[in-house]
Amino acid sequence: MHSMEGHMDMGPHMKMTALRQAKPGDAERAQQVVEAARKASAKYMDYHAALNDGFKIFHPEIPQKMYHFTNYGYAFEAAFGFNPEHPTSLLYEKHGEDYKLIGVMYTAPKRFDEEELDQRIPLSVAQWHEHVNFCTAPAGRKNEYMAPHPQFGLRGSITTQQACDTAGGTFHPVIFNWMVHVYPFEKDQPGIWSVDRQHGDAD
């Protein structure tokens, strides 16, 4: 857990990088990412186009504030380099039977330190997040993830190895990779890089 030091605490299951002082060129680099994100995602306003291009809905059966349409080829690519025109996921809100495109998500390997994240998107502008302290439910109890006041999962009350072991689960200090959301259709910088929205959507 020492790798979490210096990160902003946004709850027991999420850690976020802290904002840095801006360096020359940071704003320009960040704007290039926004423009690439807007260009890459605009053709997917109709979610059927995303599905046709190989994006898959992550857990469509679970009601969510935001749905991630993930391209696993782009996710693999992101492990080795950064192409802002290849977001790992497209972000949609569901309206009835339709989905409204609102943004994209980029990923980076969980082994990355903050210097490496900063090279992808400046940490003076963007705050990357990772999901931590995850207790996997034991076999036969997976349905408890979505129950009111769950013990297990990203909304669970369990946040330590000891508590997870006692409950019969499997503890993971970190799950998934680093992630950052970009909302390129918003009108201002706080909206484009919204931390509250990123945290509230809770991947």
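Between W178 and L117 the shortest side-chain heavy-atom distance falls below 4.5 Å. In this structure, L90 and L101 have side chains that are in contact, with non-hydrogen atoms separated by less than 4.5 Å. Between P184 and S41 there is a side-chain heavy-atom pair separated by less than 4.5 Å. In this structure the side chain of Y92 reaches within 4.5 angstrom of the side chain of Y47, judged on heavy atoms. Two residues are said to be in side-chain contact when any heavy atoms from C-beta on lie closer than 4.5 Å; Y106 and R120 fail this criterion. A heavy-atom distance below 4.5 Å is found between the side chains of R29 and D118. Counting heavy atoms from C-beta on, the side chains of M105 and H68 come closer than 4.5 Å. Side-chain atoms of W128 and I121, non-hydrogen and from C-beta on, do get closer than 4.5 Å to each other.
Annotation: the span from K56 atom NZ to S89 atom OG amounts to 13.0 Å, rounded to 0.5 Å. Here the CG atom belonging to L123 is positioned 8.5 Å from the CG atom belonging to L19, to the nearest 0.5 angstrom. With rounding to the nearest 0.5 angstrom, the CD atom of Q127 is 11.0 Å from the CH2 atom of W193. Distance CD/E97 to OH/Y99: 8.0 Å, rounded to 0.5 Å. In this structure, CD1 in I102 is found 10.0 Å from OG in S194, a value given to the nearest 0.5 Å. Between the NZ atom in K39 and the CD atom in E85 there is a gap of 4.0 Å [rounded to 0.5 Å].
A50 approaches F69 most closely through the heavy-atom pair CB-CD2, 4.2 Å. The minimum heavy-atom distance between P138 and A167, with the atom names listed, is CG-O, 4.1 Å. Scanning both residues, G96 and K94, for their nearest heavy atoms gives O-CE, 3.3 Å. The shortest heavy-atom contact between M45 and A42 is CG-O, 3.2 Å.
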TODO: Go through N71 and H86 one step at a time and tell me if the side chain to side chain contact (heavy atoms under 4.5 Å, CB included) criterion holds.
DONE: CA-CA 9 Å; N71 185 308; H86 288 177; over 6 Å; no
- [ ] With salt bridge (charged side-chain N to carboxylate O under 4.0 Å, His left out) as the test, would you mind laying out the steps for E130 and K110 before giving the verdict?
- [x] CA-CA 8 Å; E130 61 182 354; K110 59 185 175 183; over 6 Å; no
Task: From CA spacing to verdict: side chain to side chain contact (heavy atoms under 4.5 Å, CB included), D113, E116 - done: CA-CA 6 Å; D113 61 24; E116 291 168 301; 3.3 Å; yes
- [ ] I would like to know whether V33 and F82 meet side chain to side chain contact (heavy atoms under 4.5 Å, CB included); could you show each step before the answer?
- [x] CA-CA 10 Å; V33 172; F82 181 54; 4.1 Å; yes
TODO: Run the numbers on T107 and V180 for side chain to side chain contact (heavy atoms under 4.5 Å, CB included), then give the verdict.
DONE: CA-CA 7 Å; T107 55; V180 64; over 6 Å; no
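A donor-acceptor pair shorter than 3.5 Å can be found between the side chains of S124 and D26. Between Y44 and D53, the side chains place a donor N or O and an acceptor N or O closer than 3.5 Å (distance only, hydrogens not considered).
When each of V182, V34, T88 is checked for a side-chain contact (heavy atoms from CB on, under 4.5 Å) with V104, only V182 meets the rule.
Counting heavy atoms of neighbouring residues, nucleotides and ligands inside a 6.0 Å radius, atom NE2 of H95 exceeds 12 of them. Atom NZ of K100 sits in a sparse spot, with 12 or fewer heavy atoms from other residues, nucleotides or ligands closer than 6.0 Å.
R141 pairs by the salt bridge (charged side-chain N to carboxylate O under 4.0 Å, His left out) definition with E144, not counting sequence neighbours. Residues forming a salt bridge (charged side-chain N to carboxylate O under 4.0 Å, His left out) with E77 (at least two apart in sequence, or on another chain): none. Here E35 pairs with Q31 under the side chain to side chain donor-acceptor pair (under 3.5 Å) rule; sequence neighbours left out.
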